[in-house]
Amino acid sequence: MNSLRCAGCRLPGAAVAVIAGAAKSVGGAHRARSADLRLMRRFTHHDGTRVMSGKREVVGYGVNGSPNYIDCSDFPFPAIRYREVTPEICAMREKEMGDWKKLSLDEKKSLYRHSFCQTYAEFQYYMPEWKLAIGITLWAISFAMLISLVSNVAIYDDLPITYDDEHRQAQLRRIIQLQMNPITGLSSKWDYSQNKWK
């Protein structure tokens, strides 16, 4: 029974009750209680999606083995049908077992729409939503640039005094005198014997 639960098979409540009753009669109350606890702990991660899928038929493996529906060209056959089974669909299915020439075009379309939400042409058609996304992105970028310009003009003061040419030349002389980074830096490009750039 546990192997059935691990394999993902759904057991109806009556079957669980019968198995729990058999465990009580065989091994006593303690053994039955531990069997009930094992049954309760053996739910798989697919149980929630099975509940959400309702009474729709599981017809394939799908994207990753989960019983859910998706229209995707990478996985053209979803795990479950798009709609739940109705008496009208059952009648058309019986008719489908015979000659397909006897089915009308509307019946063929309704059988298709029972299994699939969209055709290939419908779900591969590019919607114009990309224009909205690009428009919002460009507005956001322009708004960020406007904030940046306003903050540079209004919020920040003038550049510090160390940014003028006189102070930058003094900083360069100091780097050369202290021989900072002599292998690959500025000091490596200075000839100390002739006091000039190499």
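Residue numbers count from 1 along this sequence. Just so you know, these numbers use all the heavy atoms, side chains as well, and skip hydrogens, waters and symmetry mates.
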Indicate, with yes or no, if Phe143 and Leu149 share a hydrophobic cluster defined by side-chain heavy-atom contacts under 4.5 Å among Ile, Leu, Val, Met, Phe, Trp and Tyr.
no
Between Tyr112 and Thr119 the two heavy atoms that sit nearest each other are OH-CA, 3.5 Å
Starting at CG of Asn181, measure out to CG of Leu186 and round the result to the nearest 0.5 Å.
8.0 Å
Minimum heavy-atom distance between Lys189 and Thr184, given as atom pair plus value:
NZ-O, 3.8 Å
Flag the pair Glu57 and Arg81 as a salt bridge only when some basic side-chain nitrogen lies within less than 4.0 angstrom of an acidic carboxylate oxygen.
yes
Kindly indicate whether the side chain of Ser188, heavy atoms from C-beta on, has any atom under 4.5 Å from the side chain of Ile183.
no
Does a side-chain N-to-carboxylate-O contact under 4.0 Å join Glu94 and Lys102?
no
Smallest separation among heavy atoms of Leu103 and Glu96, with atom names:
CD1-CA, 4.1 Å
Running the 4.5 Å side-chain criterion over Ile, Leu, Val, Met, Phe, Trp and Tyr, what cluster does Ile136 land in, apart from itself?
Leu132
Measure the CG-NZ distance between Leu111 and Lys95 for me, rounded to the nearest 0.5 Å.
10.0 Å
Tyr192 side chain to Ile176 main-chain N or O, any donor-acceptor pair under 3.5 Å?
yes
Would you compute the distance between atom CG of Asp164 and atom CD of Gln169 and round it to the nearest 0.5 angstrom?
10.5 Å
Check against side chain to side chain contact (heavy atoms under 4.5 Å, CB included), Cys117 and Asp71
CA-CA 7 Å; Cys117 177; Asp71 282 326; 3.4 Å; yes
With a 6.0 Å cut-off (strictly less than), is the heavy-atom count around CD of Glu122, excluding the residue itself, greater than 12?
yes
Can you find a side-chain donor-acceptor pair between Asp106 and Ser104 that sits under 3.5 Å?
no
Over 12 non-hydrogen atoms of neighbours within 6.0 angstrom of CZ in Phe77:
no
How far does CD of Gln118 sit from SG of Cys72, to the nearest 0.5 angstrom?
11.5 Å
If you count every heavy atom of other residues, nucleotides or ligands that lies below 6.0 Å from Arg93 atom CZ, does the total exceed 12?
yes
From CA spacing to verdict: side chain to side chain contact (heavy atoms under 4.5 Å, CB included), Leu138, Ile134
CA-CA 6 Å; Leu138 291 175; Ile134 289 178; 3.9 Å; yes
Donor-acceptor contact present, side-chain Thr137 to main-chain Ala133, <3.5 Å
yes
Rounding to 0.5 Å, atoms CE (Met92) and OG1 (Thr86) come to a distance of 6.5 Å
Is there side-chain contact between Arg168 and Thr162, with heavy atoms separated by less than 4.5 Å?
no
Among the clusters formed by ILVMFWY side chains lying less than 4.5 Å apart, do Met180 and Leu172 turn up in the same one?
yes
Can you name the closest pair of heavy atoms from Phe116 and Pro76 and give their distance?
CE2-O, 3.8 Å
Please find out if less than 6.0 Å separates the ring center of Tyr82 from that of Tyr69.
yes
Mind checking the CZ-CZ spacing from Arg56 to Arg83? Nearest 0.5 Å is all I need.
10.5 Å
In the single-linkage hydrophobic clustering (I, L, V, M, F, W, Y; side-chain heavy atoms under 4.5 Å), do Ile161 and Tyr163 co-cluster?
no
Around Lys198, counting heavy atoms of other residues, nucleotides and ligands shown, do more than 12 lie under 6.0 Å from its NZ?
yes
If every non-hydrogen atom of Val59 is compared with every non-hydrogen atom of Pro78, which pair is closest and at what distance?
CG2-O, 3.7 Å
Is the Trp190 ring parallel, tilted or perpendicular to the Trp197 ring (thresholds 30°, 60°)?
perpendicular
How would you list, by chain and number, every residue that makes a side chain to side chain donor-acceptor pair (under 3.5 Å) with Asp99, sequence neighbours excluded?
none
Within a radius of less than 6.0 Å around NZ of Lys109, do more than 12 heavy atoms belonging to other residues, nucleotides or ligands occur?
no
Considering all heavy atoms of both residues, which atom of Glu84 and which atom of His114 are nearest to each other, and what is their separation?
O-CE1, 3.4 Å
